[in-house]
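Below: the structure, in C-alpha cells.
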Amino acid sequence: MSFIHLSIAVLVFGVLGVCAQSTEQQFPTPVFANQISGEIKARALGDNRQTTYFYTFNGGQGDLFLNLVTNNLNADIDVFVEQGLRPLTKIAVYADRGETETGRVIYLRKQEKLLLRIQGRTPNDEPGRYQIKFAGGFIAAGSDVVIPPEPPRVVVRVDDPIVADRDEDEDKDKDVASQDKVRSEPVPSKKSAESIAPPVTTRPRPEPKANPMANFNLIVLFTDGSRMERPMTEVVRFQVNNGMLTIVNKGGGTSRYSMADVVKVSIE
C-alpha cells in the first residue's frame, strides 16, 4: 500500500490562521491541519488567572486519536461536542513532570463538530508549550467557521491648536465683542430648533473578506500517473477511512478512491 504525504500550506489570515490562538469560545480557532501547537505565556507576578484557548474541528464516525506533548505547563485539555458543550474527554497535565506525552481515543457514533479547550498557566517566567496531533476520524474544520466581527472604529477629530502667545489685551477685546454679539442675536424658538436636522454622516460599508482557502487546491496523484486537482473552495472535507480516500464536494457529490491507487494527497 502506498503512503500518503499530506503537505498543507496554511495562509495566515486574521483569526483564521492556524497559528492564531483564540480566547473566545464563540469564535474558536479553526484547525485545518492534523497538528496544532502553541504556548501560554507567563502572567504578571501575583496574577493567578489561567489562560484559555479554543479550537474547532470535526470528527468522523469511529475512533478519533489525540496525542498530546506538553512542557512547563499546568493545564486541563478538554474536548466537547460543540452543540450543547457535551464533554467527551479531559486530560490533566502538570509542569513538575517535565516534558510529558499522553494520548486519548474518543469514539464518535456520528460525525460531530468538536470544540477543544486548553486552560492553564505556566508555573514560572518561562512560557508553557503544547503540541497536539490528531489521527483516525479527524476532519479539518469546514467552511462554516464563524469570523468574529470587527470592533467599531472610533474617528477622533483633532482641531487646530489654539495659539497661546496672543496679546492679552487683544483677547479681552474679543471676549467683550463676542458677548455683545450673543446678546444682540435673537434666541431661536423651540419649533425652529427642532426643524434643523443634524447632518447625517454615512460610512462606506467594508468590503467582504476574501475566503482564505481561495488560493489552495486539493491535489491527488494516482499510481497510473493521472492527477486530480480541485479548488478547496469546492471541497467540504476529505478523509481516509478503512483504506478509502473520500472527498465530499460542496454540490453534494462524493468521490471515493482506493488508497492502493493513490500516491500523494496534498493541499497546495
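All values derive from a computational prediction rather than experimental measurement. Residue numbers run from 1 in the order of the sequence given.
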Gln25/Leu85 under side chain to side chain contact (heavy atoms under 4.5 Å, CB included): CA gap, chis, key distance, verdict
CA-CA 11 Å; Gln25 180 178 322; Leu85 291 180; 3.2 Å; yes
Linking I/L/V/M/F/W/Y whenever any side-chain heavy atoms sit under 4.5 Å apart, do [X] and [Y] land together?
X	Y	answer
Val265	Tyr257	yes
Val262	Leu218	yes
Phe238	Phe222	yes
Tyr130	Leu115	no
Ile118	Val31	yes

Give a yes or no on whether Asn242 atom CG has more than 12 heavy-atom contacts from other residues, nucleotides or ligands under 6.0 Å away.
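Check fails, neighbour count at 12 or below.
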Does one side chain, of Glu268 or Ser266, offer a donor that lies under 3.5 Å from an acceptor on the other?
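Yes - a donor-acceptor pair under 3.5 Å links their side chains.
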Quick one about Thr246 and Gln239 (side-chain donor to acceptor, distance below 3.5 Å, no hydrogens or angles considered), yes or no?
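Side-chain D/A pair, Gln239 to Thr246: absent.
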Atom [atom1] in [X], atom [atom2] in [Y]: separation rounded to 0.5 Å?
X	Y	atom1	atom2	value
Lys110	Glu112	NZ	CD	3.5 Å
Ile40	Gln50	CD1	CD	8.5 Å
Leu221	Arg227	CG	CZ	6.0 Å
Lys133	Gln35	NZ	CD	5.0 Å
Lys41	Asp125	NZ	CG	13.5 Å
Arg49	Arg43	CZ	CZ	4.0 Å

Within-4.5 Å side-chain heavy-atom neighbours: [X] and [Y]:
X	Y	result
Thr102	Ile91	yes
Arg129	Glu99	no
Val81	Lys113	no
Leu114	Glu82	no
Gln119	Thr51	no
Gln61	Arg109	no
Val248	Val235	no
Met228	Ser255	no

Given Thr89 and Arg104, is the side chain to side chain contact (heavy atoms under 4.5 Å, CB included) satisfied, shown in steps?
CA-CA 8 Å; Thr89 189; Arg104 286 290 189 277; 3.6 Å; yes
If you look only at distance, which donor and acceptor atoms sit under 3.5 Å apart when one is on a side chain in residues 62-80 and the other is two or more places apart or in another chain?
from	atom 1	to	atom 2	distance (Å)
Asn67	ND2	Glu101	OE2	3.1
Thr70	OG1	Thr100	OG1	2.8
Asn72	OD1	Asn124	ND2	3.0
Asn72	ND2	Thr122	OG1	3.0
Asn72	ND2	Asn124	OD1	2.9
Asn72	ND2	Glu126	O	3.1
Asn72	ND2	Pro127	O	3.4
Asn74	OD1	Ala95	N	2.6
Asp78	OD1	Lys90	NZ	2.8
Asp78	OD2	Lys90	NZ	3.3
Asp78	OD2	Arg117	NH2	3.2

Does the pair Val220 and Leu245 meet the rule for a side chain to side chain contact (heavy atoms under 4.5 Å, CB included), with working shown?
CA-CA 10 Å; Val220 182; Leu245 171 63; 4.1 Å; yes
Report the C-alpha distance between Glu229 and Asn217 in whole Å, list the side-chain angles of each, state the deciding distance to 0.1 Å, and finish with yes or no for side-chain hydrogen bond (donor to acceptor under 3.5 Å, both in side chains).
CA-CA 6 Å; Glu229 185 171 341; Asn217 293 326; 2.9 Å; yes
Name all residues meeting the ring pair (Phe, Tyr, Trp, His ring centres under 6.0 Å) criterion together with Phe138; count only those two or more places apart in sequence or in a different chain, and write none if there are none.
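Checked Phe138 against ring pair (Phe, Tyr, Trp, His ring centres under 6.0 Å); matches are Phe57, Phe134.
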Tyr53: ring pair (Phe, Tyr, Trp, His ring centres under 6.0 Å) partners, not counting sequence neighbours
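For Tyr53, no residue satisfies ring pair (Phe, Tyr, Trp, His ring centres under 6.0 Å) once neighbours in sequence are set aside.
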ring-ring contact (aromatic ring centres under 6.0 Å, His included) between Phe54 and Phe27: does it pass, once the steps are laid out?
CA-CA 8 Å; Phe54 296 95; Phe27 307 107; over 10 Å; no
With side chain to side chain contact (heavy atoms under 4.5 Å, CB included) as the criterion, how do Leu88 and Leu108 come out once you've worked through the C-alpha distance, each side chain's angles and the decisive distance to 0.1 Å?
CA-CA 9 Å; Leu88 297 177; Leu108 299 174; 3.9 Å; yes
Taking all non-hydrogen atoms of both residues, which atom of Asn58 and which atom of Ala141 are closest, and how far apart?
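Heavy atoms only, the tightest pair is ND2-CA, 3.9 Å.
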